[in-house]
Number of protein chains: 2
Amino acid sequence: MTDQTTSIRPRKSRPERVAGTIKEWIVEKGMKPGDRLPNEAQLIETFAMAKGTIREAMRLLQAEGLVVTRTGPGGGSFLAETSRDRANALLSNYFYFQDLSVDDIYAVRLLLEPELVAGLAGRLTEDQISSLEAVMEDYARPAENSEEERKQHVASLRFHALLAEYSANKVLGFFIGFMSQILTDLTVFRKLYSEPNLPLWERGRNHQIELIKALRSGDAERAREVMKAHMEYARHMMDAQEATVTRRFLNA
Amino acid sequence: MTDQTTSIRPRKSRPERVAGTIKEWIVEKGMKPGDRLPNEAQLIETFAMAKGTIREAMRLLQAEGLVVTRTGPGGGSFLAETSRDRANALLSNYFYFQDLSVDDIYAVRLLLEPELVAGLAGRLTEDQISSLEAVMEDYARPAENSEEERKQHVASLRFHALLAEYSANKVLGFFIGFMSQILTDLTVFRKLYSEPNLPLWERGRNHQIELIKALRSGDAERAREVMKAHMEYARHMMDAQEATVTRRFLNA
DNA sequence: TAAGATTTGTTCGTATGTATC
DNA sequence: GGATACATACGAACAAATCTT
């Protein structure tokens with residue numbers, strides 16, 4: 001056995017090492033979003049590398065959502081707070097190749113969303129509740145065809161994503177928002193033989209009306225129960241539909 | 001008001017547009033991990049751009065974990081399945097600037113982990129159970145000082161991460177594994193006045209022993225209950241400890 | 001072992017675009 | 001509008017890694 005001259009993992013390229021070093025700076029110096037990073041010329045000098053190499057390093061950090069760059073005087077690279085959208089997109093990349101079932105997502109939603117609304121009860125501003133009600137307007141009437149139904153489905157996912165944004169628990173909020181995003185991106189076709197089911201639609205809508213009521217009055221237990229019932233209903237609805245067809249990368 | 005010549009969002013750079021186009025290819029052509037992307041020379045020709053520009057585009061995709069490149073004959077860029085580790089790291093970037101409380105994480109763990117083990121009961125191979133037991137060996141004895149206790153804490157998080165890997169529900173597994181990762185990276189200092197609590201340690205250990213037993217025998221309900229108790233215990237333990245101190249980026 | 005072929009990795013010099021003053 | 005300070009992009013050359021013979 002020779003030693004590991006041919007290591008299993010390839011030696012990191014210079015741009016990768018530069019990006020790693022810059023990350024260390026960020027942690028060590030306790031830099032905050034908006035803080036300025038050295039400009040290209042300075043980085044070229046401190047790392048003693050060519051412009052192209054430095055630029056590739058910055059692209060790495062940019063892809064991770066950690067820096068943004070601006071041209072012009074006073075421009076340069078700035079530390080950025082990774083946006084929720086970008087984090088969603090990057091995580092979507094991971095799940096793109098995992099064949100996850102819709103039911104897996106609903107199983108997790110069933111666990112998380114009731115707790116989300118329980119924590120929200122009595123804590124929403126009137127503005128936030130108005131936003132929720134505005135989204136509900138998009139499915140105030142039962143769908144008449146499958147295309148309309150798809151749109152309503154997307155709108156109802158927006159309702160849940162909005163709730164997630166309002167959560168004080170960042171982890172809970174992100175997970176739920178991410179699942180809404182994934183479900184929005186999935187194109188789901190209803191089975192041809194399953195006709196629009198009016199009673200079920202009405203039941204789902206009543207759930208949300210009851211939910212709003214409980215959120216307003218601050219009845220956490222009631223909110224939890226209603227959301228649980230709603231999630232079970234939604235899971236059942238999805239069960240009656242056909243396979244997920246189009247997956248796509250988010251534009252990021 | 002003039003029209004939006006000065007659009008809110010800056011025009012995307014060429015590398016960004018190239019990366020976006022390549023992503024579209026991947027979706028449209030239904031490419032799978034391991035598939036080959038055009039080499040630099042071909043990309044330079046098809047996009048009619050300079051080598052540096054193309055390379056920056058590939059760095060963007062590389063940062064997202066979507067491609068890996070190899071030098072030499074037969075080398076080039078290949079579509080890669082974003083690894084769990086990389087997805088964890090990228091998501092960690094997002095939470096790095098969010099000030100999330102440890103209790104938020106435990107609130108979510110309390111919801112998810114009982115369901116995880118319920119789904120695992122009776123479905124683990126003997127090998128998998130052995131791996132779990134091997135990890136448990138790392139805290140078979142009560143800690144004698146705080147450093148030792150920290151190591152045991154990390155080991156116990158490995159236990160949970162391992163369980164997450166075994167889950168058939170990819171979403172559930174990822175979320176739980178991610179939270180373990182976050183907690184592992186947090187450096188938590190025990191309050192000086194809170195001495196190692198032997199009865200509590202013993203109780204925690206008994207939980208895991210009971211859990212293994214339930215997983216072996218396929219008793220889903222029992223597994224769920226034990227994990228719930230265990231999570232409540234863990235949450236209580238963390239409550240008795242001091243603020244999170246060091247956060248860091250994962251090396252990715 | 002060694003040489004040659006292939007492909008990415010890195011450098012340097014120059015020119016262009018863009019935002020601020 | 002002109003000067004300034006910055007990122008962005010191009011092109012040619014050379015270096016390094018890796019596979020084949």
Side-chain angles (χ1 to χ4, degrees), chain A residues 1-22 34-80, chain B residues 2-22 25 33-80 252:
Chain A
M1 293 297 119
T2 84
D3 71 343
Q4 295 206 349
T5 45
T6 36
S7 164
I8 301 96
R9 39 205 321 162
R11 260 184 39 234
K12 281 189 181 168
S13 65
R14 285 187 225 208
E16 282 172 312
R17 292 200 306 266
V18 170
T21 302
I22 292 176
D35 285 357
R36 233 195 133 126
L37 271 63
N39 66 25
E40 275 189 1
Q42 292 169 315
L43 291 173
I44 289 167
E45 193 180 353
T46 51
F47 285 102
M49 289 174 190
K51 187 156 41 192
T53 307
I54 299 297
R55 287 183 59 79
E56 287 179 32
M58 298 312 283
R59 290 292 184 201
L60 286 169
L61 297 174
Q62 184 194 326
E64 296 184 24
L66 286 174
V67 307
V68 293
T69 63
R70 284 199 298 272
T71 60
S77 293
F78 298 85
L79 190 52
Chain B
T2 84
D3 70 345
Q4 297 205 350
T5 43
T6 34
S7 163
I8 300 97
R9 40 205 322 161
R11 261 184 41 236
K12 281 191 179 166
S13 65
R14 283 189 228 207
E16 282 171 313
R17 292 201 305 266
V18 169
T21 303
I22 292 177
W25 290 355
D35 285 356
R36 227 189 141 132
L37 271 64
N39 66 24
E40 278 187 357
Q42 292 168 315
L43 291 172
I44 289 167
E45 193 181 353
T46 52
F47 286 101
M49 288 173 191
K51 178 167 178 160
T53 308
I54 298 298
R55 287 185 58 80
E56 286 179 34
M58 298 312 283
R59 289 291 184 203
L60 286 169
L61 296 175
Q62 183 194 328
E64 296 185 24
L66 286 174
V67 308
V68 294
T69 65
R70 285 199 301 270
T71 61
S77 292
F78 298 86
L79 189 53

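Throughout, protein chains are lettered first and strands after them, A, B, ... in sequence-line order, and every chain is numbered starting at 1.
Counting distance only, with no hydrogens placed and no angle test, the side-chain atoms of B:K51 and the base atoms of C:dG9 include a donor-acceptor pair under 3.5 Å.
As rounded to whole Å, 8 Å separates atom P of D:dT8 from atom CD of B:E56. Look at CD1 on B:I44: it is 11 Å from C1' on D:dC10, rounded to the nearest Å. If you measure from atom CZ of B:R70 to atom C1' of C:dT8, you get 12 Å, rounded to the nearest angstrom. Look at NZ on A:K12: it is 18 Å from C1' on C:dT8, rounded to the nearest Å. As rounded to whole Å, 10 Å separates atom P of C:dT7 from atom CZ of B:F78. The CZ-P distance, from B:R36 to C:dT6, rounds to 13 Å in whole Å. For A:L43 and D:dT8, the CG to C1' distance is 15 Å, given to the nearest whole Å. Rounded to an integer number of Å, the gap from CD of A:E45 to P of C:dC12 is 13 Å.
Comparing D:dA9, D:dT8, C:dG9 by their nearest atom to the side chain of B:E40 picks out C:dG9. Across D:dC10, D:dA7, C:dT11, the shortest atom-to-atom separation from the side chain of A:T71 is found for D:dA7. Taking every side-chain heavy atom of A:T69 into account, D:dA7 is the closest of D:dA7, C:dT11, D:dA9. With D:dC6, C:dG9, D:dA9 as the choices, the nucleotide that has an atom nearest any side-chain atom of B:S13 turns out to be D:dA9. Which of C:dA19, C:dA5, C:dT11 sits closest to the side chain of A:T53 comes down to C:dT11. Nearest to the side-chain atoms of B:R55 among the listed nucleotides C:dT7, D:dA7, C:dT10 stands C:dT10.
Side-chain contact between A:F47 and A:T21: present, with at least one pair of heavy atoms (C-beta onward) separated by less than 4.5 Å. By the 4.5 Å heavy-atom criterion applied to side chains, A:R59 and B:S13 are counted as neighbours.
The side chain of A:R14 contributes no N or O atom lying less than 4.0 Å from OP1 or OP2 of C:dT8.
By the 6.0 Å contact criterion, CD on A:E45 is open, its count of non-hydrogen atoms from other residues, nucleotides or ligands being 12 or less.
Mapping B:G76 and A:M49 onto DNA chain C by nearest heavy atom places B:G76 at the nucleotide closer to the 5' end. Place A:R59 and A:G72 on DNA chain D by their nearest nucleotides, and A:G72 ends up nearer the 5' end.
Test B:I22, B:L66, B:L43 against B:L37 for side chain to side chain contact (heavy atoms under 4.5 Å, CB included) and you get one pass: B:I22.
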Full working for salt bridge (charged side-chain N to carboxylate O under 4.0 Å, His left out) between A:E40 and A:K51: CA-CA 7 Å; A:E40 275 189 1; A:K51 187 156 41 192; 5.4 Å; no
